[in-house]
Amino acid sequence: MKEKIVNIIDEILRKKEFPSVNYSLEPSKNPDFGDLSANAALLLAKQLKKNPRDIAKEISAELEKHTDIFTKVEIAGAGFINLFVNNSVYLNVLPVILEKQSEYGKSKINNGKKANLEWVSANPTGPLHAGHGRQVCLGKAIANLLEWSGYEVTREYYYNDAGNQMNNLAKSVYARYMQKFDKDYPFPEDGYNGDYIRECADKIFAEKGDSLKEPDNLDYFKETAEKNNFDKIRSTLQTLGVKHDIYFNETDLYKNKDIEKLLADFKKMGASREEEGAVWLKMDKSRFQKDKVIVKSTGEPTYRLPDMAYHINKIKRGFDYIIDIFGSDHGDTYKEVLYGMELAGYKTDNIKVIIHQMVTFKIGDQSVKMSKRSDNVYYLDDLINDVGVDATQFFFVMRAANTHLDFDIELAKEQSDKNPVYYLQYAYARISGIFRNAKENLPSDIFGNEFKLDLLNAPEEIDLLKVLSGFPEEIVNVSQTLEPHKIITYLNGVAESFHKFYHNNRVINTEDMETTKARLKLCLAAATVLKNGFEIIGINAPERM
RNA sequence: GCGCCCGUAGCUCAGUCGGAUAGAGCAACAGCCUUCUAAGCUGUGGGUCAGUGGUUCGAAUCCACUCGGGCGUACCA
């Protein structure tokens, strides 16, 4: 609908031969200012050096001709054009929602394009801890959002089982294993200290007895621990309904020589230098503090080089849009990776990196520890057990990614109106209740396709339709910024409008079947939007609560 | 020290490519259930948008500085 109005305004501006300006057409905050407000005249006034109210007058005279859409066009304040939209415009959205159902809100703007979303990508050194949840849930919602905007989405997990951390893991399990025979056997200083390490050692002991006491070969420990950990990670992801299409293995980049070739390219073009036995990538001093090591003096690459090769690989696979989600602890490193790729001659403008800030978990005033190195870790599984899948998903997606998140476990656990998840889900459950009632007590032809739109004329009914009509536009906007918390803000508005409607207008009224019919349709439309929105943010639509 | 992110109601946070009277939930207070779920609705109170200065018709939003918090600043990933 908004698109239609924008087209009308654009047409008028073109006819008047005004310079093009990037004006806004926003829902008015105050009902006195109509449904929508445009600031085009204010911006034009600056350029044309004319009185903004005069320009507004010219534009609004044209707008007033569209009586099918506008009931009133007003000029207000410094030169805002306030548009009062005809109710029929909103009413006509209802049949559209009913027809499209689970497709309502889906956009085609990115049809035919392929997106790659890489997230989680936790190394298999242990189970996911609660802090990982933010990324898991955020990525789940963003992947959905991309699909709703038309992309074909590949969900990818970068599986990194090379490097020192895995040796460290093996040594940790080995030490726990050896402690079965000698309880004073030293545990590595920077070893992984969680219970899962002991479990893994127990398992190995149960299967292999004392046959692995010789420390010359830790491979078995490494492989077993790695498999154990990754199974745990995948099981947690499954609980949250996350399924990756591709697990990209870092070792493949060694096998197919991508890393070797990239290193050779850097050398050939003089982008790298050797010092103290290590290879350094020459960094742009205006953007980075100093050069970065890409191959250690031991001959092993640092994480940067494989990361560059990995992202080059993604580009070569032909994605139109490549998205990574990282925690703020990686906030600087991705810039190095992108810089390296640019040095190697690849364009990185279709790569978007989402950085989310850290999470503090709180029970009352007490914060919960999350370090992998300490014994008492709050795992993502623990969190899900404590608060449930929906609350976990909702709380992680509820806030903008780039602000710190305080996760109030007590609040998320709360099965009451204090919990913000329920406000939304309750609206859906209420509608389901109405339909249960209607099925039991009304003749089945009440659900027929014919109904009288114009019986919907209560202010709450029109308001609800206004909100519902904004859903497709909301998806388009949010899919551009990839900020799913805005969907929640929007759905809150839907729930609020519905609750108000429900409170003031009884749906099922056996005295007036025609109104009942129309209102049931409105309820169905509201349920459709809620359910579609829930699907994007990744929570369930409960029929009863 | 330097880089990135953040600072909005008692609490948790929306709003930030400049727009009209800064919003929501919770908490507090006062109302509303013989009718489809009161996990709801209605109303009241609550703000120097961290601070100072600047840019302009207009700043929570942009710029500079200051203060406060988080994360980086590894031949860890």
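In what follows, chains are A, B, ... by sequence order, proteins preceding strands, each numbered from 1.
- Per the geometry, NE2 belonging to A/His503 stands 12 Å off C1' belonging to B/U35, to the nearest Å.
- A salt bridge links A/Lys362 to A/Asp406: at least one charged side-chain nitrogen sits closer than 4.0 Å to a carboxylate oxygen.
- No contact: A/Ser432 has no heavy atom under 4.0 Å from any strand.
- Shown here are the ring-ring contact (aromatic ring centres under 6.0 Å, His included) partners of A/Phe18, two or more places apart in sequence or in another chain: there are none.
- For B/C33, the glycosidic angle deviates from 0 by 90° or less, giving a syn base.
- Atom pair A/Leu522:CG and B/C36:P shows a separation of 19 Å (rounding to whole Å applied).
- Aromatic rings from A/Tyr428 and A/Tyr422 are positioned such that their centres are separated by 6.0 Å or more.
- Cation-pi contact between A/Arg430 and A/Tyr502: present, with separation from the ring centre below 6.0 Å and deviation from the ring axis of at most 45°.
- Annotation: of the two residues near RNA chain B, A/Ala278 and A/Lys500, the 5′-most nearest-nucleotide partner is A/Lys500.
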Yes or no on salt bridge (charged side-chain N to carboxylate O under 4.0 Å, His left out) for A/Lys413 and A/Asp408, after CA distance, side-chain angles and deciding distance?
-> CA-CA 9 Å; A/Lys413 229 192 264 193; A/Asp408 186 335; over 6 Å; no

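- Nucleotides B/U44 and B/A59 place their C1' atoms 30 Å apart, quoted to the nearest Å.
- A distance of about 32 Å separates the P atoms of B/U73 and B/U16, rounded to the whole Å.
- Looking at heavy-atom distances under 4.0 Å, A/Glu26 makes no contact with the nucleic acid at all.
- A donor-acceptor contact under 3.5 Å is formed by the side chain of A/Asn82 with the base of B/A20.
- Taking atom C1' on both nucleotides, B/G3 is separated from B/U48 by 31 Å, rounded to a whole Å.
- Taking atom C1' in both B/G19 and B/U61, the straight-line distance is 11 Å, to the nearest Å.
- Between B/A9 and B/G25, the two C1' atoms lie 12 Å apart (nearest whole Å).
- A/Tyr247 and A/Phe230 have perpendicular rings, their planes meeting at more than 60° on a 0 to 90° scale where under 30° would count as parallel.
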Restricting both atoms to N or O, compile the protein contacts to nucleotides 1-5 of chain B shorter than 3.5 Å, with distance only.
unit_1, atom_1, unit_2, atom_2, d
B/C2, O2', A/Gln289, NE2, 3.4
B/C2, O2, A/Gln289, NE2, 3.0
B/C5, O2', A/Gln357, NE2, 3.2
B/C5, O2', A/Asn402, O, 2.6

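- Rounded to an integer number of Å, the gap from CD1 of A/Ile434 to C1' of B/C36 is 5 Å.
- Rounded to whole Å, the distance from CG on A/Asp190 to C1' on B/A77 is 13 Å.
- At a threshold of 4.0 Å, the pair A/Lys352-A/Asp324 does not count as salt-bridged, since none of the basic side-chain nitrogens sits closer than that to a carboxylate oxygen.
- Side-chain atoms of A/Asn160 and A/Thr251, non-hydrogen and from C-beta on, never get closer than 4.5 Å to each other.
- For the pair A/Arg506 and A/Ser24, nearest-nucleotide mapping onto RNA chain B gives the more 5' position to A/Ser24.
- When the side chain to side chain contact (heavy atoms under 4.5 Å, CB included) test is applied to A/Glu226, the partners found at least two apart in sequence or on another chain are A/Pro124, A/Tyr159, A/Asp161, A/Met166.
- Taking atom C1' on both B/A64 and B/G72, the two are 24 Å apart, rounded to the nearest angstrom.
- Looking at heavy-atom distances under 4.0 Å, A/Ala76 makes contact with a base.
- Across the protein-nucleic acid pair, A/Tyr192 atom OH and B/C76 atom P stand 13 Å apart, rounded to whole Å.
- The stretch residues 538-545 of chain A comes close to RNA chain B through A/Glu543, A/Arg544, A/Met545, each having a heavy atom under 4.0 Å from the strand.
- Residue-environment remark: NZ (A/Lys314) exceeds the threshold of 12 foreign heavy atoms within 6.0 Å.
- Aromatic ring centres of A/Phe396 and A/Phe407 lie closer together than 6.0 Å.
- Straight-line distance from the CD atom of A/Glu336 to the C1' atom of B/A77: 12 Å, rounded to whole Å.
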Set out, line by line, the N/O atom pairs under 3.5 Å between protein and nucleotides 23-31 of chain B.
none

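- Distance A/Glu410 CD to B/C11 C1': 15 Å, rounded to the nearest Å.
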Secondary structure of RNA chain B per the Watson-Crick/G-U criterion (both distances under 3.5 Å; [ ] crossing, | other strand, . unpaired) is ((((((((.[[[[.)...(...]]]].(((((.......))))).....[[[[[..)....]]]]])))))))....

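- Distance OH (A/Tyr502) to P (B/C41): 12 Å, rounded to an integer number of Å.
- Look at A/Arg430 and you'll find a side-chain N or O under 4.0 angstrom from OP1 or OP2 of B/A38.
- Ring centroids of A/Phe33 and A/Phe80 are separated by 6.0 Å or more, keeping the two rings apart.
- Taken to the nearest 0.5 Å, the CD atom of A/Gln135 stands 9.5 Å off from the CH2 atom of A/Trp119.
- Taking atom C1' in both B/A60 and B/C49, one finds a spacing of 4 Å when rounded to whole Å.
- For A/Phe248 and A/Tyr310, the ring centers sit closer than 6.0 Å to each other.
- When heavy atoms are screened at a 4.0 angstrom cut-off, A/His330 is found touching base atoms of the nucleic acid.
- Under the rule for a side chain to side chain contact (heavy atoms under 4.5 Å, CB included), the partners of A/Met358 that lie at least two apart in sequence or sit in another chain are A/Ser328, A/Asp329.
- Within 4.0 Å (heavy atoms only), A/Asp161 reaches no atom of the nucleic acid at all.
- Every residue meeting the side chain to side chain contact (heavy atoms under 4.5 Å, CB included) condition with A/Glu496, not counting sequence neighbours, appears here in chain and number order: A/Tyr423, A/Lys500.
- Within residues 292-307 of chain A, the residues having any heavy atom under 4.0 Å from RNA chain B are, by residue number, A/Val293, A/Lys296, A/Ser297, A/Thr302, A/Tyr303.
- Qualifying side chain to side chain contact (heavy atoms under 4.5 Å, CB included) partners for A/Asn505, counting only residues two or more places apart in sequence or in other chains: A/Ala458, A/Glu460, A/Phe501, A/Arg519.
- For A/Phe80 and B/A20, the ring-to-base geometry satisfies the stacking test (centroid distance below 5.5 Å, interplanar angle below 30°).
- When heavy atoms are screened at a 4.0 angstrom cut-off, A/Thr333 is found touching base atoms of the nucleic acid.
- Look at the P atom in both B/U52 and B/U8: the space between them is 16 Å, to the nearest Å.
- In this structure A/Ser272 satisfies the side-chain hydrogen bond (donor to acceptor under 3.5 Å, both in side chains) test with no other residue, sequence neighbours excluded.
- Applying the ring-ring contact (aromatic ring centres under 6.0 Å, His included) rule to A/Tyr334 yields no partners; only residues at least two apart in sequence or on another chain are considered.
- Among the nucleotides B/C13, B/C36, B/A77, the one closest to any side-chain atom of A/Asn123 is B/A77.
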